[in-house]
Each structure stands twice: as C-alpha cells, then as structure tokens.
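As structure tokens, the structure follows; a few thoughts come after it.
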Amino acid sequence: MYDDGYDHAAVERRWQEAWDDASVYRTPDEVEDPTYVLGMYPYPSGQLHMGHVRNYTITDAYARYRRLRGDDVLHPMGWDAFGLPAENAAKERDTNPRDWTFDCIETMKDQMASMGFGYDWDREIATCTPRYYKWNQWLFRRFLEEDLAERRAADVNWCPDCETVLADEQVEGEAELCWRCDTPVETRELEQWFLKITEYADELIDYIDGLEGWPDSVRQMQRNWIGRQEGTRLAFDVSGPDEEYGGVEAFTTRVDTVFGATFFALAPDHPISEELIETDEAVHEFVHHEADPDGDEPNGVETDLTATHPVTGGELPVFVADFVLSDVGTGALMGVPGHDDRDHAFASKMGVDIEPVIAPEPEDGEPGAPDVSEAAFVEDGVLVNSGEYSGLESAEARERLTEDIESAEHGTQYRLRDWGISRQRYWGTPIPIVHCPDCGPVLVPEDELPVELPEFINTTGNPLDAAEEWKRTTCPECGADAERETDTMDTFVDSSWYFLRYVSPDLEEAPFDRERANDWMPVDQYVGGIEHAVMHLLYSRFVTKTLADHEGLQHREPFTNLLAQGMVQLEGEKMSKSKGNVVSPQAIVEEYGADTARLFMMQAAQPERDFDWSEQGVASANAFLARLKDVVEVYADGEIETTDERDPTADYVEGEIEAAVAVAAEEYDELVFNTAVREAQSLVGTLRRYREAGDVRADTFERGLSVSLRLLSPVAPHICEELWETLGHEGFVVDATWPEADADRDTIEKRRRLVENTREDVRQIIDVADIEDPERIDIVVTPEWKHEALGVAIDSDAPNVIGELMEHDSIKRHGEAAADYGQQLQENREALQRTLDPETELEALRAAAWLIEREFDTTVRVLAAAEAGDDVAAKAEPSRPAIDIVE
RNA sequence: GCGAGGGUGGCCGAGUCUGGACAAAGGCGGCGGACUUAAGAUCCGCUCCCGUAGGGGUCCGUGGGUUCGAAUCCCUCCCCUCGCACCA
C-alpha cells in the first residue's frame, strides 16, 4: 500500500520549479483591478521563523483561493531591509550592512520558495536599494513643500555609549536601559525632523469607524494611541511678588469642577518653572533633586506665586509638581482635589483645601455635597457650591462655563505626537538636506536624488558623521561650502508606503504609477502581526492620506481588510531564542515537507488565534496528505473497482461533494482556514469509506478527488499539484477553476443532521436493547400528512392548532393518530422547526443507508411510510424516522 | 484605573452576531473492536451520569434576570490576555 509519508522533497522541488518556469504568480501590469493580497514584508534577519511562515501561509492560501475563484491576484513580497540590526551584525562579522542584508535576503527568499509561497517576484522591492529609498527622499521633499515636515528641537532617548538616538521601543524596562548595551538612556534635546501626523489626527481617528474590515482590537489601540480628548482651555492669571506672568493656560476636561479648583500646578519644565529655578532655591532643589516623574507619589513644591481663579477671583497657591507633564495638555493644570484622584492625593499631602462642588445625581430632593475628605468624587453629577451654576448638570455646566469664562474656549487635546523620523544611524535613508551656514537647512533638489549612502565606516556613533568626504558638499541655493544632514530616516518611513511601490516597482518618474494605484489600491487583504497595530498601520494610513491630498491618490485608506494573525507558541509560551523554545520551520520542511507544515498551521486554529505547536498535529497533517496521495494514486492506477451505475451511495457521496464545496467556499471567503480545510479533509475521508464499501461510481469518485484537490490546493499546493497531474488533468491546479456547487448550507446541515441523528439512534437502540447481531434494520420515513400538519402548525397563529389541523381532510382522516400528533404539536408550538420535505428526507436516508449497513454489517431498508407497517410508521415524525430493528 | 478581547467536556478548539434539532462539530489524548504472525499505518465505535428500543438527569467561569425555551440576549461579580495610563 503505502508507508507513512511520501517523498515530499521531490514533489515540492518539482512543482516549485514548474510554477517558476511558467510564471504562474506573475501579475501583468494590464490587469484591471486585481485582488491585492499582502503580508507585511519581513525584516531580512536571515531566518524565516514560525511567525513568518504562518503569516505568509495565510496570504498565500488566500491568494491561491482567490485565483481559483477566477480573480486576478496581486501577491507581492519585499524586504524591510534598513535597520539597526544590520549595522550591529556588520560590526560583529566585520562586513558591511549592505552585504549582510543581501545575504539574508537571498537566504530568506530561498526559504520562502521552499515553502511554496507564490509571489510575483518581478515586483520584489528592497527598501535599502537607492531605487527604493530615492522615493523616501522624494516624499520627504514633498512633505516639506506641503509644510507637513519641519525641523525642531525635541527631547529624545539618547544612549551615551552607542552615541545614538533610540526609538522608544528600544529603551527597555522601568530602568530605561539601552537594548544593546544596557546603558541607562539619557534624555537629550536635539534638532530633529518631524512629519506632522498630528495634522491628520482627527481624520485618523474619525475614519477608524469606517474600517470595518479591521479587528476591533487594532481599531481600539489606534483610538487610544491618538487619544483625542475634548475639553476646555482656560487661563489663570499668575503673579509673584516681583513679576506678573499674565494668563497661564491650563487644559481640563472637567471645567464643571472649576469652582473646586484650590491650587494651580506647573510642570517642572514649564517656562515659568524654569524661570523660578533661577531665583527660587526651593524650586531649584525640587526640580533637580526631588522631582520623580516616574514615581507613583505626586510630589511638588509650593512657590511664592499665586494664581487668580478665573471665575471667583480667589487666590490659589501655585505649585511646581512632578506629576504635571509638559507634553500633556499645556503643562499646567488647575487642581481640583475634590473630583480628581491624583489632585486629591497631592492636596492631601501638601495640605491644600479639598472642596466638593459636584454632587451625585440625587434620587429626589436637593443634591447634597459628597464627602470628599477621604477620596475624590470623580463622576459627573450636579453642581453645588458653584454660585449661579449650582444645580446644573455636569455636561451642561461645561458648556456654559466654557462660554462664560472670558479666557475659556473649547479645546481638543491629542496624545498623538508628531512623528520624529531622525535617526543617528547609518543603515537608513539619508535625509535629503544640506546644512548651509548662510541658508540654513536646504532641500537637495529633486534631480540630485537619490542621496546615496557612502561606504560603511565601522565606528562608534553615527557612521555618516565620520564619512567626511560624503558629508562635504555645497549649498544647492548659494553654492557655499555646506554639510549634508547626517541623520537617516526611521525605517517606518519605508514601510509607510511600500504597498504602493509594488504597483509599479520599476517606475523611474514617480514613487508609484498614479493611475494604476488608483485602480489597484487599496490592499484588499492585509495580514501581519498585532505588534504593528499602532506604529506601522498608523503611519501607513497617514502617508496614504497625504498622498490623497497632494499626489492625486484616490484612496484615503490603504488597507480594506486587516487580519492580525495569532502567535505560534510552544506549550503556551511565545517562541523565542532567549527561551530556547524555537521550532525551526526549515527542520519541519525537511522532515515533513512544506505542505505538511502549511496544512498543520492552517488547521490548528483560526488565523487570528494563538495556538500551540504540536508534533502530533504535524504528524497527523502529514498522515492525512499521505492518505490523500494513496487514494488518488490507487484510483489513477485503476486499482479501484468502478461501475457506471448510480446508486444511493453515489448520491450520498455526491451530496457530500456539493456540501464540501459550498462550506469550504464560505469559510475561505472569511479566511477561516481551519474549518475550510476540515471540510476538505472530511470529504477525503468520505471518499475513502466509499471506496472501501464496494465498487465506486467512476464519475462520482473522480469528481470527489478532483474537488478535494482543488479545495486543499490553497493550503497544500505541491502535493495537490502532483496529484492533479496524477488524475490526468491538463494544466496546473493553481490555474484550475473552483468547482461549481449548488447546495445551500441550510439544507446541507439539515441533511447531515438527519443522517447523523438517525445513525446515532440506531446505535443507541442496539446498545441499550443489547442487540447482538441485527438481522435487518428498517428505517421508515414519516408519512406525508405529518409533514403537512407540522407546516400548518408552524404557520398557524390560532390559540389551539388542533382545530385548524382538522380542517384539512388529508390530516383529519388519520383520526386518533392525527389528534395525538396535533396534541404533540400544540404542546411544542413555540419550538416547532421546519424540516426537510418527505422526499428529500427519504432520499437523504436512502443515500446514507450504506453507512449503517457497513457499521452493523446488516441489511438496511429505508422505506416510505406507505411501504411499511402502520405500527412502525406511526412512530415516525418529521426529521425523526421510525426505526425497527429485527433481531 | 480606563479600554478591548476572552473564560465551553481530560486537553486544544467550534458554536455566541441571527436563542430552539446542543450532551454541544472537529482534532489530540485515552479505551474497546476490525485488519495483521506482530508492531505501525488504516478502518469502526466509545470516551459526564443512569437506562435491556431511540429515554431520563446534570452541564458551557459565578449569581441573578428576560423567554414557552439560554452556551447563545440583559445585569452582577470573579478570573485570564492584550493595549493605554500620574493624560489634566
């Protein structure tokens, strides 16, 4: 017969070469609007890991499915090829980032090929090539021209040892250590380039509602990240013994609590605080030695300034406090300890008054001020102790106060900051700027792009700073000696538009072909890890919107449907090198083959869920493919006895074929690969049972096999391709057409349930009645009139259905039986369900009889009611045939 | 703390949107049987409890509610995961 497994290496190599030779994954530029299926391009680390394999198996399977459905498909791949790891690796190996990166790309490309991923490699991009990063520079120019980029001073994470800026993600833990050298990170103020993503904050948050093809979690994370807050800006006049500071703006979402403001607080780096540091010893001491913005305790120091309450005119003490953050709101706040937990803690500690001005909504009568001595009352309610505003509800008071207070106006705050893209690193896109002593920062003219990276210099700090020759240039404006900008761009710039470059990867005149992009975009199905929920996906949305506003792109969102795939774990834990619990995809491919690895991953769980890697699961996927191969080959070799006759068993198998097609299509459409695959696998099981039950009808069996192969080919393409050929089909299964099926799911499910329930009942009877060796089993389908009665009962809205039933002669003439059944229907009135009609029921059971015969090794008769004895038939009900077992 | 998602049988995992045929798909593990000299593979069953003709009981984190009927809808609480967080 066959042994476990098959020569997957030979099969897979063969078809990979054949696909390649035939360019089956090529998407010609002429196609009108291909289904754009995209996996997030990888950083070329040199090794494909399980996360990649899962990610790209999902896109590959979906792309293949769409092809079967007749779509043109765009399924490209590229490399997120810039980034610090290449610099580190180059230093360690005494090479340079470029060579190291291209080595890695080559390796990973081979690994992808060995997985059978079908990409249009003619559209491959690598962001570290000048022909790609030229367009980063071009985009930077456009940003600057449209006033969407600017250079300004900013606080950044600085590692004194590596002498470079670190992104927030590269600062580890509470202690804030550099991820590379564990040196404590410092804050440093540097001149940095920013892209003004905040200009799009409102659109970025508002459009989230329209991203219905995105997971809620990602949408929520983006909303949080943008963090829009509606509130009120209002000014407090601040003055000291010797100085007037005028109105100092504070932002609050709770202006309704303004009468409870008992202090005013400034961030340690607020301009006024910085002035006080010079003159006030206590403030100096506090800011430099005591302030601990990361601590849980709110700390502060009282100043000799006072703030004037904008409504009451009262004098409030002014503090410099470490819980006030300069990048939140205005860096100054009104303290309302009665109604804010943090203000309450601070006031208690500093001995500031705590006044209740909001009362809980009273059940009846007058609102009573809550006791806020121990804890703040933070909810909305009714104003008290608030002068003419007392008695108003919080929401209304907010509006009135914002209107009435002279310095107050409605304000919106965002958590989102502008996107700092400067990196003091070598392996990235050079920012196309020349610093001229006279003209300042000047853009490199378009016709001089790209500004290419110089040779790598192995040095501490930024290699571009050390590239003296490269740095030296002349000012494009005045021609004077000048220096190049030595910062490079954040690699998220590269990935914020790469999906557009695939549309026209070789275009020399523009980053993308506008017309084709308008036709092909947006990406129909994007797939990647949840770790990109905010950064990459938000930047991509932002850049897409700027291109829509300034470059004629007719799409404001880049990704219609997004799938955040789950993790592949080992014993419930994330696979990681440091834990040493990594399963290598290459090892699996070698041992079992790519098809097995892909099949196992897709059947293990829904794509968005985490799941555990399981050796048994892999083995069982492999065993399945071996069985599939066996049954196809045995059939193709003519070793299965066939007949031309159509019998009920063939009907059954055909029904299952239709069902499998219908169900699998629905599941593939929704990317629920696990259930789609299960359906295909169970069809193969059915075919194998069919074959074992006796002679098979050739047409039916062959169609079953051919359908199985097509349903499985998106997930296990190589073996299906091989067997497609074995079956004698011309052409590739990749290019095949999805089988037609005219079954609806409701009927499929009812039929299957009827058959299952009936088999179940037979087993139970035999077991409970202790029947050793049944001689014959009769299954008797319900008489027509009961179906009719059921229908009448479902449609009826009479209080008692029996009367209505008896108006039908066809029912009435069954006398007592009709009355009994009517009674039963009446009792279950609310629970009645439509069933299959009697003919379909009979046909479904006849078709399934062989399963029962086979199981109990006996004769099974499926009879219409008229063909059976009344005593037996009487027990039958719709969807519940009578069963008579003769011992 | 705020927000999102989730808690299903020995384990994994469907079902929850759109309440009914749900003791609850499928897989894994375990048990029994067939085949085999045997093992493996394959095939057929069983795998909450009771039951000599398809029956009954209990059950889907907890406690309540809505309904003729709840794993599914509503509320309470508990627990887990993720994101954000001295955010004014």
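Protein chains get the first letters and strands the later ones, always in sequence-line order, with residue 1 at the start of each. Keep in mind that this is a model prediction, so the values were computed, not measured.
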Spacing between A:Met221 atom CE and B:rA85 atom C1', to the nearest angstrom: 14 Å
B:rA25 base / A:Arg678 side chain donor-acceptor hit below 3.5 Å: yes
Sugar-phosphate, base or nothing in reach of A:Val534, heavy atoms under 4.0 Å: nothing
Under 4.0 angstrom between A:Arg689 side-chain N/O and B:rC44 OP1 or OP2: yes
Touch class at under 4.0 angstrom, heavy-atom based, for A:Gln681 against every strand present: nothing
Between B:rU42 (P) and A:Lys629 (NZ): distance, integer Å: 16 Å
Sugar-phosphate, base or nothing in reach of A:Glu692, heavy atoms under 4.0 Å: sugar-phosphate
Touch class at under 4.0 angstrom, heavy-atom based, for A:Asp857 against every strand present: nothing
Centroid separation A:Tyr592 to A:Phe600 less than 6.0 Å: no
Integer-rounded Å distance: B:rG83 P and A:Ile226 CD1: 18 Å
Strand partner of B:rG20, provided both Watson-Crick or wobble distances fall under 3.5 Å: B:rC68
Distance between P atoms of B:rG7 and B:rA71 (Å, rounded): 15 Å
Base B:rG54 to side chain A:Arg880, donor-acceptor N/O within 3.5 Å cut-off: yes
Charged N-O contact under 4.0 Å between A:Arg763 and A:Glu760: yes
Integer angstrom distance from the C1' of B:rU72 to that of B:rC17: 10 Å
Touch class at under 4.0 angstrom, heavy-atom based, for A:Thr253 against every strand present: sugar-phosphate
Sugar-phosphate only, base, or nothing, as touched by A:Ile885 at under 4.0 Å among non-hydrogen atoms: base
For atom CD1 of A:Ile765 and atom P of B:rA53, their distance in whole Å: 10 Å
First of A:Gln764 and A:Asn674 reached from the 5' end of RNA chain B, by closest nucleotide: A:Asn674
Identity of whatever pairs with B:rC2 - Watson-Crick or G-U, under 3.5 angstrom: B:rG83
Under 3.5 Å: donor-acceptor pair, side chain of A:Ser326, backbone of A:Gly331: no
Backbone N/O of A:Val372 and side chain of A:His344: donor-acceptor pair under 3.5 Å: yes
Under 4.0 angstrom between A:Gln413 side-chain N/O and B:rC87 OP1 or OP2: no
A:Arg254 side-chain N/O to B:rA88 phosphate OP1/OP2 under 4.0 Å: no
Exam field: side chain A:His309 to backbone A:Val258, donor-acceptor pair closer than 3.5 Å: yes
Residue A:Arg342, side-chain atoms from C-beta onward, closest of B:rG5, B:rU42, B:rA88: B:rA88
Sugar-phosphate only, base, or nothing, as touched by A:Ile771 at under 4.0 Å among non-hydrogen atoms: nothing
Pairing nucleotide - B:rC46, Watson-Crick or G-U, each distance under 3.5 Å: B:rG30
Qualifying residue for side-chain hydrogen bond (donor to acceptor under 3.5 Å, both in side chains) with A:Glu877, from A:Lys786, A:Gln824, A:His787: A:Gln824
Sugar-phosphate, base or nothing in reach of A:Arg223, heavy atoms under 4.0 Å: nothing
Any A:Arg759 side-chain N or O less than 4.0 Å from OP1/OP2 of B:rG45: yes
Touch class at under 4.0 angstrom, heavy-atom based, for A:Gly329 against every strand present: base
Check: A:His410 side chain, A:Thr402 main-chain N or O, donor-acceptor pair, under 3.5 Å: no
Sugar-phosphate, base or nothing in reach of A:Gln220, heavy atoms under 4.0 Å: sugar-phosphate
Sidechain-backbone polar pair: A:Arg415 side chain, A:Trp225 backbone, donor-acceptor under 3.5 Å: yes
For atom CZ of A:Arg219 and atom P of B:rC82, their distance in whole Å: 22 Å
Position toward the 5' end of RNA chain B (nearest nucleotide), A:Trp225 or A:Arg763: A:Arg763
Whole angstrom value for the distance that separates P of B:rC84 from CZ of A:Arg228: 20 Å
Sugar-phosphate only, base, or nothing, as touched by A:Pro878 at under 4.0 Å among non-hydrogen atoms: nothing
For atom CE of A:Met334 and atom C1' of B:rA88, their distance in whole Å: 8 Å
A:Tyr414 OH to B:rC84 P, straight-line distance once rounded to whole Å: 21 Å
Sugar-phosphate only, base, or nothing, as touched by A:Asn757 at under 4.0 Å among non-hydrogen atoms: sugar-phosphate
